Structure formats: structure tokens, C-alpha cells
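Note on naming: letters A, B, ... go to the chains in the order of the sequence lines (proteins, then strands), and numbering restarts at 1 for each one. Nothing here was measured: the structure is a model prediction, and the numbers come from that model.
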Amino acid sequence: MSVVTRFAPAPTGRLHVGNIRTAVHNWLWARKNGGRFILRLDDTDKERSSEANAEGIKEDLAWLGLDWDEEHRQSLRFERYEAAFERLRAAGRVYPTYETAQELDLKRKVQLSRGRPPVYDRAALRLSDSERARLEADARTPHWRFRLDHDSPIEWDDLVRGRQIFDPALLSDPVVRREDGSWLYMLPSSVDDIEMGVTHVLRGEDHVANTALQLQMFEALGAASPAFAHEALLVGSEGKLSKRLGSLGADALREQGIEPIALVAKLARLGTSLPVEPLAEPRILIETFDFATFGRAPARFDLDELAQLNSRIVHLLPFEAVAARLPEGMGADDWAAIRPNLKTVAEASDWWAILHGHVESEAAEEDRSLIRAAAEALDEIDWSEAPWPQLVSRLKERTGRAGKALFRPLRLALTGRESGPEMAALLPLIGRGEAIARLRAAAA
RNA sequence: GGCCCCAUCGUCUAGCGGUCCAGGACGUCGCCCUUUCACGGCGAAAACACGGGUUCGAUUCCCGUUGGGGUCACCA
């Protein structure tokens, strides 16, 4: 059996870390098995969905390198849901209810205050024909609920949580259709999973109860159910589920210089027993993906850890992989010299500007003579052969300086910065004339 | 409040009754390399939430406490 997974975001915003993690895992599982990865835009909620967000999500996925094999939109499939709805209605599995949102809200509050779970009381099921007629005459249009079968427990073997058992009596009959005829998530999702041949539903554990409901829908619709895997959610580094995490979008991360592969590598392994490692491409991630490695406790997502992984990955990236994002004229040698000191690829431009642009610095009083000596020495050495060591040994000889006292002022005068890539690699890139000019200016 | 998950180094975790004075990864610290910072290499410190059981023996099994997460929408 070939594997089919799906990522089904509602186009109500850009992708964020929580979203991306389940997208990554679904993609990994499909790719590992040579299966299909479906992008399904769950846009049944017209109010909150937008075309701009749908495009944003696709852009985010493309940036992440998560390629999808099929794309669907629920808003284009309403007739399928209608057909399924009619079948359920004919089978008596769906029934009209007339409470207003306020009434339902009140019922819930009363139940809660009595220490009872706020489960829908099925009052609509006990309506007599005359009562129903009166409600309709009252111009009350119904919304529709799926009638759960209370007779036996709902069970499944979750790929990450193990055996799950739910008592359907503790669950509310889910509303599947609004008064205005529009659809809610529950039924369309089940219909799509059936019709698109989804074999594995991998999603956050906030969906476990939904799975219990949907299992009965699959059955009522006469379809076999897919396998389910519910992964623990991510929490912020403070331990609490942070709002910041929910709003930490792929677009924002991208602007911060996070490489897509860094995000993918981090999210693929966070919360698993596999180590988070700096990888330049996802092959290893695909090969090692395994539900058995998933922990069942919420894992913390730490932005600083991501940033650190990101720089380690940047140090690994070959020139060809980043060439398009490098400043005009920057070559493989320049990249090799600068790369080990970068946190983000964008910083390469800063160093390029330092190497070839204008650098201004003023040496401290006590360093002036050293800098002047350096300018003189540069004139004398053989530039074609590793100029930096030559410069250093001459200066050491003439000034008696060594170590930090020697390097710091030189680096400062030559690059305007206190830290950076190896000077031995930088000096040839700056060039003799420019180096001498900078030293003289700094000592002036 | 009901129901469901979870509880090992700072973080992600291995551990499925003795092999654990608890293993790995990230981070931290130290050393080495580099006549500087960084990069890189090597090494070290660092944890079984608490209380009861069960057992010859509990990190491992059971119960409870505490703590964390989820869910109970005419959102997805």
C-alpha cells in the first residue's frame, strides 16, 4: 500500500512553527515511503480564509522545500460534502438542531458549574413534530449535527500515542453544517481523507477527540479509516504555550536569516529521540523518520537554539547553494573565507562591504606606532605568498607585541571590527593597496 | 470541573526490575588549534518531581500528590 499524507492548513494566516512541524512530518513520511504528499487548503470558513493567505502558505512551503504532489481546496468541493451529507441524513446519522449560539453557550456554562462535562444534551433529538414545526414557523433554520453512536467505545491504535479508547457519550454530537448551509471542518475533512485516499493522518494532539468523532464518520460513510498519529504540541521556551509561538511565522523567520533547511531540521527532530543535527539537505531526515522516536510530552521550541543550528548549517553550505543570494562579484573563495564566521547568509554582504568598500577606524593612542609599522611592513613583504604570517612576524620582531595586543589593533584598523573571519584569509582579499591605505588612515 | 496525555541533566531525549555511582545530542565550562575573536577538534560538569506501596531489589510496576499539556466552538 502506498502512503498518502496530507497537510491541511486553514488559510487564515501564514505558516508558523507549529504548523510547519506537522507539514514537515507529513512530508517526511510520504517521501520516506515514496508516497504522495497532498496540500489541502481547508477554506470552508469564508470569513477567516483569504486568497492572500493561501498564496502565502504555498510560498512558505515552497521556501521550506516541502514540495506537494496534489493541491485541493475545500471551497471547490462543496458538492462532495453535500452528497455525503445526504447519505448521512438518509441513514439518520445527521439531525437538525435549533439552539442559538447563546443558548448553547448558556447550557455549557450551567453544565460546567455543576461539574459536568459540557456535552451537547441532544435536546433536538427529543423534539416532537409539533415542536419542530413551531420552530420552523418561527423562522428558525436549523444547523445540523452528526449523531454519534453511543453503543460501543471508539478505539484506535495511534502511531505515537498507542491504544486510544474514547467513550462517545462524553463527546458532543459535532455540528457539521451551519444554518446558512456552510460546512464545518469535521465532515469535509473526513470526506476528503476518504476520497483522496489518505492513508496516514498525522496532526497535533489537539485533534485526538476529533479523531474519535471522525472514526465514526468514516464508518457511517462506509469507508475504511486511515491510520492516525497525534504528535504532542510545541510550547514556547518559557514552558507555557506562548502566543509568540503561534505568531512566529515562516516569513518572519526567513527575514531573520533562518535557512529553510535549518527550520526543517530543527522541527523534524525536536521532541524525538533523534539528535537535532546541522544538515545541509533533508535526505538524512527522510531516511531516519520514525514514529517510534516521537515523545508524548510537549517539547519546547527555543528560537535561540534555532539560531545556533542555523549558523552551524550556514558554515556547511556550499557556494553553489548560496551564490544567488550573495553580493555581485563574490566568488567561491570569498565565500569560503567568510562563511565560518557567519550567523546568516545575509551577513556575507556585510563582510563583502568590509572587504571592498570603505572602512573607517581610528587606532587607539597606544596602538598608533604599531599600525604605522604595519603599513611600512606591508610595503616590504612578498604579497604573492601568504602575506599575513609575514606581516605578523615582522611586526612581532619590530614591536615586541604578540597575541591579542598585536592582533586586535590590526584587525580593527583593517576591518573596523573586533571579530571576524581569520585575518590570514581576509588580508589577501582586501588587497595590498587598500590595506596600506586603511592602516595609514587609522594611524593618522 | 469531566475526560485524555505527560513527568530522567538548563533543553530534546535513551532507559521497557538487577547490565545505571543512568547513555546520546544541543547548550554551558575547560583544553587544543589559530602568534587575536570566531570556526574547528578534544574533554568535563550536569538529571531519575514528591509520598506511599509491590518486590530480595525500583529510574523502570501500582496508587496518590504536585506540576505541565490537550480537549469539551454554528474555529480548524
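Nucleotide G57(B) forms no Watson-Crick or G-U wobble pair with any nucleotide shown, as no partner meets the under 3.5 Å limit on both distances. Searching all strands for a Watson-Crick or G-U wobble partner of A25(B) with both distances below 3.5 Å returns U11(B). When both pairing distances are held under 3.5 Å, C42(B) makes a Watson-Crick or G-U pair with G30(B). Base-pair partner of C3(B): G70(B) (Watson-Crick or G-U wobble, both distances under 3.5 Å). Shown here, C50(B) forms a base pair with G64(B); the pair counts as Watson-Crick or G-U wobble because both key distances fall under 3.5 Å. Across the strands present, U35(B) finds no partner; the criterion is a Watson-Crick or G-U wobble pair with both atom distances under 3.5 angstrom.
For Y185(A), the ring pair (Phe, Tyr, Trp, His ring centres under 6.0 Å) partners two or more places apart in sequence, or in a different chain, are H207(A). Scored by the side-chain hydrogen bond (donor to acceptor under 3.5 Å, both in side chains) test, H25(A) finds E231(A) as partners (sequence neighbours excluded). Judged as a side-chain hydrogen bond (donor to acceptor under 3.5 Å, both in side chains), and not counting sequence neighbours, the contacts of K58(A) are E71(A). Judged as a salt bridge (Lys or Arg N to Asp or Glu O under 4.0 Å), and not counting sequence neighbours, D158(A) has no contacts. Every salt bridge (Lys or Arg N to Asp or Glu O under 4.0 Å) that E362(A) has, sequence neighbours left out, goes to R368(A). The side-chain hydrogen bond (donor to acceptor under 3.5 Å, both in side chains) search around D151(A) returns none, not counting sequence neighbours. Checked against side-chain hydrogen bond (donor to acceptor under 3.5 Å, both in side chains), D192(A) has the following partners two or more places apart in sequence or in another chain: Q74(A), R77(A), Y81(A).
Contacts between residues 407-414 of chain A and RNA chain B, counted as heavy-atom distances below 4.0 Å, involve F407(A), R411(A).
Within the nucleic acid shown, K396(A) comes within 4.0 Å of at least one base atom, counting heavy atoms only. Using a 4.0 Å heavy-atom cutoff across all strands shown, S393(A) reaches at least one base atom of the nucleic acid.
Atom CZ in F294(A) sits about 15 Å away from atom P in C12(B), given to the nearest Å. Rounded to a whole Å, the CG atom of L427(A) is 16 Å from the C1' atom of U34(B). In this structure, CZ of R296(A) is placed 11 Å from C1' of C16(B), rounded to the nearest angstrom. The nearest whole Å value for the distance from the CD atom in Q164(A) to the P atom in C4(B) is 10 Å. Atom CD of E231(A) and atom C1' of G70(B) are 13 Å apart (whole Å). Taking atom CG of D121(A) as the reference point, atom C1' of G2(B) lies 16 Å away to the nearest angstrom. Distance E277(A) CD to A25(B) P: 11 Å, rounded to the nearest Å. Rounding to whole angstrom units, CZ of residue F301(A) and P of C26(B) are separated by 18 Å.
A gap of 38 Å separates the P atoms of A25(B) and G64(B), to the nearest Å. When the C1' atom is used for both C37(B) and C33(B), the distance is 14 Å, rounded to whole Å. Straight-line distance between the C1' atoms of C26(B) and A46(B): roughly 13 Å, to the nearest whole Å. U60(B) and C48(B) have their C1' atoms separated by 10 Å, with the value rounded to a whole Å. As rounded to the nearest Å, U28(B) and G52(B) have P atoms that lie 39 Å from one another. The separation of G70(B) from C50(B), taken at their C1' atoms, amounts to 24 Å, rounded to a whole angstrom. Taking atom P in both A44(B) and G23(B), the straight-line distance is 11 Å, to the nearest Å. Distance noted for atom P between C75(B) and G17(B): 48 Å (whole Å).
Partner P9(A) forms a side-chain contact (heavy atoms from CB on, under 4.5 Å) with one of L41(A), N53(A), D42(A) and no other, that one being L41(A).
Listed by first and then second residue, the salt bridge (Lys or Arg N to Asp or Glu O under 4.0 Å) pairs involving residues 201-213 of chain A are R161(A)-E205(A) (not counting sequence neighbours). Counting only residues at least two apart or in different chains, side chain to side chain donor-acceptor pair (under 3.5 Å) contacts with residues 284-297 of chain A comprise R269(A)-T288(A), R283(A)-E287(A).
The closest side-chain donor-acceptor pair between T415(A) and R411(A), if any, does not fall under 3.5 angstrom.
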Pairs under 3.5 Å (N/O, protein and nucleotides 38-46 of chain B):
{"from": "A38(B)", "atom 1": "O2'", "to": "N341(A)", "atom 2": "ND2", "distance (Å)": "3.0"}
{"from": "C39(B)", "atom 1": "O4'", "to": "P340(A)", "atom 2": "O", "distance (Å)": "3.3"}

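Of the two residues contacting RNA chain B, namely A299(A) and M423(A), the nearest-nucleotide position lying further toward the 5' end is that of A299(A). Closest-nucleotide positions on RNA chain B for R163(A) and E418(A) were compared, and the one nearer the 5' end corresponds to R163(A).
Side-chain contact between L88(A) and W144(A): absent, with no pair of heavy atoms (C-beta onward) separated by less than 4.5 Å.
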Under 4.0 Å protein heavy-atom contacts per nucleotide of nucleotides 71-76 of chain B, with B for base, S for backbone only and - for none: SBSBBB
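Between R134(A) and D138(A), none of the side-chain N atoms (NZ, or NE/NH1/NH2) sits under 4.0 Å from a carboxylate O, so this pair counts as no salt bridge.
Ring-centre distance between F85(A) and F146(A): not below the 6.0 Å cut-off.
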